[in-house]
Amino acid sequence: MLCAQAHPGYPDPPSVLLILYGATASVSVVQLYAGAFCPGFMLSSLYIGYIIISAKLKPSLAPPLSEEDQRVDLPKSMK
């Protein structure tokens with residue numbers, strides 16, 4: 001499949017490939033985006049679920065942040 005993702009770092013859906021495919025095959029780009037959204041959303045949900053389950057079963061994979069790292073100061077313009 002042309003617009004399959006092999007790396008989670010790429011934008012979802014892979015915009016450039018869908019536009020090129022739509023232009024080449026004379027297919028509606030909106031329909032291609034609609035078709036790519038659901039699998040991308042499911043893949044993202046599976047990644048998030050895997051991370052949460054892995055962290056719950058083996059807490060050493062995701063240790064908690066120290067108190068110092070948990071604190072984030074707001075910029076002065078937001079105070």
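These numbers come from the heavy atoms of this one structure, side chains and all, not from hydrogens, waters or symmetry mates.
Listed by chain and number, the residues in a side chain to side chain contact (heavy atoms under 4.5 Å, CB included) with Leu46 amount to none (sequence neighbours excluded). In this view, Ser26 satisfies the side chain to side chain contact (heavy atoms under 4.5 Å, CB included) rule with no residue, not counting sequence neighbours. Scored by the side chain to side chain contact (heavy atoms under 4.5 Å, CB included) test, Leu61 finds Ser54, Lys58 as partners (sequence neighbours excluded). Not a single side chain to side chain contact (heavy atoms under 4.5 Å, CB included) links Ala23 to another residue, sequence neighbours left out. Looking at residues two or more places apart in sequence or on another chain, you find no side chain to side chain donor-acceptor pair (under 3.5 Å) involving Ser28.
Other cluster members for Leu57: Ile53, joined by side-chain heavy-atom distances under 4.5 Å among Ile, Leu, Val, Met, Phe, Trp and Tyr. Residue Ile52 shares its hydrophobic cluster (ILVMFWY side chains chained together at separations under 4.5 Å) with Ile48. Side-chain contacts under 4.5 Å among hydrophobic residues (ILVMFWY), followed directly or transitively, place Leu65 with no other residue at all.
Rounding to the nearest 0.5 angstrom, the gap separating the OH atom in Tyr33 from the CD1 atom in Ile19 is 4.0 Å.
The side-chain hydrogen bond (donor to acceptor under 3.5 Å, both in side chains) pairs that include a residue from residues 59-69 are Ser66-Asp69, where partners are two or more places apart or lie in different chains.
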